[in-house]
Amino acid sequence: MISNQILQNTIEGLKAITKADICILDVDGKVITSTMSASESHEAQVVSFVKSPADSQEIQGNQFFKVFDDHQLEYVLLVSGNSEDTHMIGKIAVFQIQNLLVAYKERFDKDNFIKSLLLDNLLLVDIYNRAKKLRIETEVRRVVFTIETTRERESSTLDNIRRLLGNNTKDFITAVDEKSTIVVKELDGKDGPDELNKIATHFHDMLLEDGDSRVLVSYGTIVDDIREVSKSYKEAKLALDVGKIFFDEKEIIAYSTLGIGRLIYQLPIPLCKMFIREIFEGKSPDDFDEEILTTINKFFENNLNVSETSRQLYIHRNTLVYRLDKLQKSTGLDLRVFEDAITFKIALMVVKYMNYMESLEY
């Protein structure tokens, strides 16, 4: 079904050229959209016209036309006036709306195909057969972006992104849930990580301007064949989820930058709990005070450099050494030793992951 806004734009464009008032009604005579100022009811006339075998008819000084979609009556078009010019305007309007119906049906078919492709609901042979039927190229470079806004996904988000991409029929914008909008973007042969980040930033900035207080954009890796699009989608979705846990300060995240976070995200919670018990002997990094946690994080940020860390914390070097010694006594891990630092860093990430997953349960 064509959106009311598209129908309104179509008849307003025709009115601007022809000066004729046009009204589009459903088969029961209810007005869908109109350029007429009067609120006169045409229900009885439409019902009578729908029952007649005629495709067009003059009734009480107006021209009525039937608009079919694959032999199914979809709309009734009314053009004010009864001249030959009025009749021609009506035929032109019917032609344009029928073309829109065809375009929307093709978009609907492509949208269903892309959704099934993303969710791995197609056999390999079906992927290529349906892609050929829908005139979608199979061996081109593509990447999947996932976009999540503070509001639940609305049609306006889809429309904004479609407007941003323009009339590029090689890209696909769809959704498989109520939270995210998905863009399957075709790339040039030279596009790489820098170009992907620019595209993601473009999506992000545009939606912020549209009124969202926070926009999260993630993307997978580039694939060369249409059968691998679902792989890029799964990567983009994983990047969005992992980013919320370990990179909560970032609003644009690429799958390729997730690092060890994507491994931890796939660990079962019982295994994580056992790991934390073994490392901290029943304690948890959540039990550390704010001063110690700040010291630890700053020490990691500065690649275990004592001098630089103490300088940025505005404390004496000996004070930092004292804190590290105190931490070593309580945990058995010396963060100045690379192996212990890695263990501690992983443990902090595991706890963060556990806390996040626990918050989802409530």
How many angstroms lie between OG in Ser52 and CD in Gln57, if you round to the nearest 0.5 Å?
4.5 Å
To the nearest 0.5 Å, what is the distance between CD (Glu228) and CD (Glu235)?
9.5 Å
Whether the Asn297 and Glu301 side chains hold a donor-acceptor pair (N or O, under 3.5 Å, no angle test) is what I'd like checked.
no
Less than 4.5 Å apart, side chain to side chain, heavy atoms only: is that true for Gln328 and Asp325?
yes
Give me the ring orientation class for Phe145 and Tyr219: parallel if the planes are under 30° apart, tilted from 30 to 60°, perpendicular past 60°.
tilted
Side chain to side chain contact (heavy atoms under 4.5 Å, CB included), paired with Ile22, selected from Leu14, Thr86, Leu78:
Leu14
On the six-membered ring of Phe65, is Lys91 placed so that its NZ or CZ lies under 6.0 angstrom from the centre and within 45° of the ring axis?
no
When you measure from the side chain of Ser359 to the backbone of Tyr356, do you find a donor-acceptor pair of N or O atoms at a distance under 3.5 Å?
yes
Heavy atoms, side chains only, cut-off 4.5 Å: are Phe113 and Ile226 in contact?
yes
I need the Glu43 CD to Asp28 CG distance, nearest 0.5 Å.
8.0 Å
Donor-acceptor pair, Tyr353 side chain versus Leu267 backbone, under 3.5 Å?
yes
Which of these, Ile89, Asp21, Thr10, sits in a side chain to side chain contact (heavy atoms under 4.5 Å, CB included) with Lys15?
Asp21
Could you tell me whether the side chain of Gln266 and the main chain of Arg262 form a donor-acceptor pair under 3.5 Å?
yes
What's the spacing between Thr174 OG1 and Asp111 CG if we round to 0.5 Å?
3.5 Å
Member of Asp188, Asp224, Val223 meeting the side chain to side chain contact (heavy atoms under 4.5 Å, CB included) criterion with Arg141:
Asp224
Interatomic spacing from OG1 in Thr294 to CD in Glu291 - rounded to 0.5 Å
8.0 Å
Going by heavy atoms in the side chains, are Lys352 and Asp248 under 4.5 Å from each other?
yes
Counting heavy atoms not belonging to Tyr322, are there more than 12 under 6.0 Å from its OH?
no
4.5 Å side-chain heavy-atom contact, Val67 and Gln98:
yes
Parallel, tilted or perpendicular: which describes the rings of Phe288 and Phe280, with under 30° parallel and over 60° perpendicular?
perpendicular
Roughly how far, to the nearest 0.5 Å, is the NZ atom of Lys234 from the CG atom of Leu119?
9.0 Å
